[in-house]
Engineer: 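First, the structure itself, so that you have it in front of you.
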Number of protein chains: 2
Amino acid sequence: MPSEFDLIQRYFKRPVTGVLLGIGDDAAIIAPKAGKELAISTDCLVAGQHFFENTDPYKLGYKALAVNLSDMAAMGATPRWVTLSLTLPRSLIGFHESWLDEFSRGFHELAATHQIALIGGDTTAGPMNICVQIIGEVNQGQWLRRSGAKPGDDIWVSGCLGDAALALKHQLGELVLTDEEAAYCLSALDMPSARVALGQRLIELAHSAIDISDGLMADLGHILSCSAQSATVELETVPGSEIMKRYLPSPLAVECLMTGGDDYELCFTASKENQSVIRQLGQELRVPLTIVGEIKPQKTLKPELIIYGSKGEKIVLEKKGYDHFAS
Amino acid sequence: MPSEFDLIQRYFKRPVTGVLLGIGDDAAIIAPKAGKELAISTDCLVAGQHFFENTDPYKLGYKALAVNLSDMAAMGATPRWVTLSLTLPRSLIGFHESWLDEFSRGFHELAATHQIALIGGDTTAGPMNICVQIIGEVNQGQWLRRSGAKPGDDIWVSGCLGDAALALKHQLGELVLTDEEAAYCLSALDMPSARVALGQRLIELAHSAIDISDGLMADLGHILSCSAQSATVELETVPGSEIMKRYLPSPLAVECLMTGGDDYELCFTASKENQSVIRQLGQELRVPLTIVGEIKPQKTLKPELIIYGSKGEKIVLEKKGYDHFAS
């Protein structure tokens, strides 16, 4: 069985630029550019919780980085450096194993597209736990936050929501998708595309932003509580894929669309004056951008999030969103 | 059961200074000082691998941070910011539980002594896995590395080695310590003191440094391979506590002393000219500093690490050090 150091050398050490000291010492050393501030975030994927133990390791390596890139997107930051802490069952370790080959290939491929340097980490034996910590750069004071939503703001969503949740329900046997539908939805679940470029362009345009990881309701809810505002959402306007539309308005599909999570799209709020500029931006970046609701002044003790159906009826969703510790 | 957000608010969100945006958004925002470079490192503690599931959570919170501080010490960096990724079995979650109270108390207490800000993290349900990522500041180009050892350098060790390993063997029943001995050694195992101040002062004095987490042999071995040098170590000179001395020279005690690991002392190399200055530094910081050997030119294909006994005989140790993936 290879040593921890063999593993790091073989699978994770790659030539990197813009790093003063990389993998192989007690810490990495980086030099942020003058006038830059750093955005720092960490997200772990836990087997049985975020993915099935038998998930394709290439996709797992890709997704472990993608979900962290999504946090950078939600800040409007430029991702620069990552560390990777990998806890793996002994059964997956060893040069005869292709697991690490595939995992590291998926991770490095996405890192290369975003020119991110893997600068350190930790490898341990144990129940599978993949923890990525990411550091990005922003110009001084120039970042997106959850707390800036203002009454009258449009509530925007990028891409389509709920396909990842449909795929998960398919995997759990709660829903049967056709092979073609499953293939499409599983790609949304396994290899989400973080909206990094969009986030950076929104710094000048959006009052608040968040990435949708726990579902639109839950994550928009964070914007509302951080901003002390309420909101209305028109269910009909929430963007779903062609496949999602086949299953709407079934309660299961509505649940996937509104509370499913694992979307890694951006939800942001912006003044109505910016509507046309934002639409142009979406065309330029080839990212669908849709207005799904409006920020309202908070009149109650807690922020209110009201969903309206096509006939103007209020819709109440049982599940509010994903919570790791929900019983 | 409390939500993930309740947990973060209750146990981990604390007022912090010098952070532009802390816990509660998609990422934290920090502003490194001009002329500073950042040292970044991550270390995870995995239940069953690094600690017993029933370990006192206060000590666990303390140690999770201490082992990361030790990496900063080995770089001569000033620790500034940490993120914490916590994967916990559901059984440990809940306000009726004291586990998180105690864990966060141990973590925050040590963070406060070093004026470190907890700026973010992630909490998930699953097999217990505690992952800390730490960021420290160094002046431009001013850091300790593993790669600078030069022939003729003294090899220094801080504190005493092997007590943590004795405690572990006691817990595993491989050795029976008296209650008084066990109490002393367990404190070394459970609440190691990272040599942060020492590391910072060594920047001007040491050619190379590492913290001893995997055992003196393994970690000095890293200095040798990174520096492409060989070394000799005099077993008699390796510092052990009064308790360790009671068990030396039994093979088990020698193994704990030389390869036990979990010491979190510093091993560093420095020119002989600096001997007196380094001794004074040890007295000033009240940290025992001991010369245990000398760096030699590498004459073989791989670096050689030769241990000599009291009669000048070569000593061969079976176990070289801790390796997470050793079969």
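To find a chain, count down the sequence lines: A is the first, B the second, and so on, and within it residues start at 1.
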Engineer: Report yes if the SG atoms of A:Cys44 and A:Cys131 are separated by under 2.5 Å, and no otherwise.
Structural biologist: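 Judged by the SG atoms alone, which are under 2.5 Å apart, A:Cys131 and A:Cys44 are bridged.
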
Engineer: Is B:Ala74 close to chain A through its backbone or its side chain, or both, or neither, when contacts mean heavy atoms under 4.5 Å?
Structural biologist: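 For B:Ala74, heavy atoms of backbone and side chain both lie under 4.5 Å from chain A.
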
Engineer: I'd like to verify something: which residue of B:Ile135, B:Leu84, B:Ile210, B:Val138 has the highest number of heavy-atom pairs under 4.5 Å with chain A?
Structural biologist: B:Ile210

Engineer: Please tell me whether A:Thr78 and A:Gln200 have a donor and an acceptor in their side chains that are separated by less than 3.5 angstrom.
Structural biologist: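 Checked: A:Thr78/A:Gln200 side chains pair up, N/O donor to acceptor below 3.5 Å.
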
Engineer: Can A:Ser208 and A:Thr269 be counted as having a side-chain donor-acceptor contact under 3.5 angstrom?
Structural biologist: yes

Engineer: Are A:Ser158 and A:Glu265 linked by a side-chain donor-acceptor pair shorter than 3.5 Å?
Structural biologist: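 A:Ser158 vs A:Glu265: donor-acceptor pair found between side chains.
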
Engineer: Tell me which of these, B:Leu21, B:Asp43, B:Asn129, B:Thr83, has more heavy-atom pairs under 4.5 Å with chain A than the rest.
Structural biologist: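 It is B:Asn129.
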
Engineer: Quick one: of A:Asp25, A:Asp71, A:Val46, who has the most non-hydrogen atom pairs under 4.5 Å with chain B?
Structural biologist: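 Between A:Asp25, A:Asp71, A:Val46, the count favours A:Asp25.
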
Engineer: Salt bridge check, B:Asp211 against B:Arg146: does any charged N sit closer than 4.0 Å to a carboxylate O?
Structural biologist: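 Not counted as a salt bridge, because no side-chain N and carboxylate O are separated by less than 4.0 Å.
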
Engineer: B:Met128 versus chain A, heavy atoms under 4.5 Å apart: side chain, backbone, both or neither?
Structural biologist: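 Nothing of B:Met128, per the 4.5 Å heavy-atom cut-off to chain A.
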
Engineer: Tell me, for A:Ala34 versus chain B, whether the close heavy atoms (under 4.5 Å) come from the side chain, the backbone, both or neither.
Structural biologist: neither

Engineer: Assess, by modelled atom type and distance only, whether the side chains of B:Ser85 and B:Asp122 contain a donor and an acceptor separated by less than 3.5 Å.
Structural biologist: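 Not at all, the side chains of B:Ser85 and B:Asp122 share no donor-acceptor pair under 3.5 Å.
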
Engineer: Check each atom of A:Ala209 against the heavy atoms of chain B and say whether the ones under 4.5 Å are side chain, backbone, both or neither.
Structural biologist: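 For A:Ala209, the contact with chain B is made by the backbone alone.
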
Engineer: Relative to chain A, which segment of B:Ala73 carries a heavy atom at a distance below 4.5 Å: side chain, backbone, both, or neither?
Structural biologist: neither

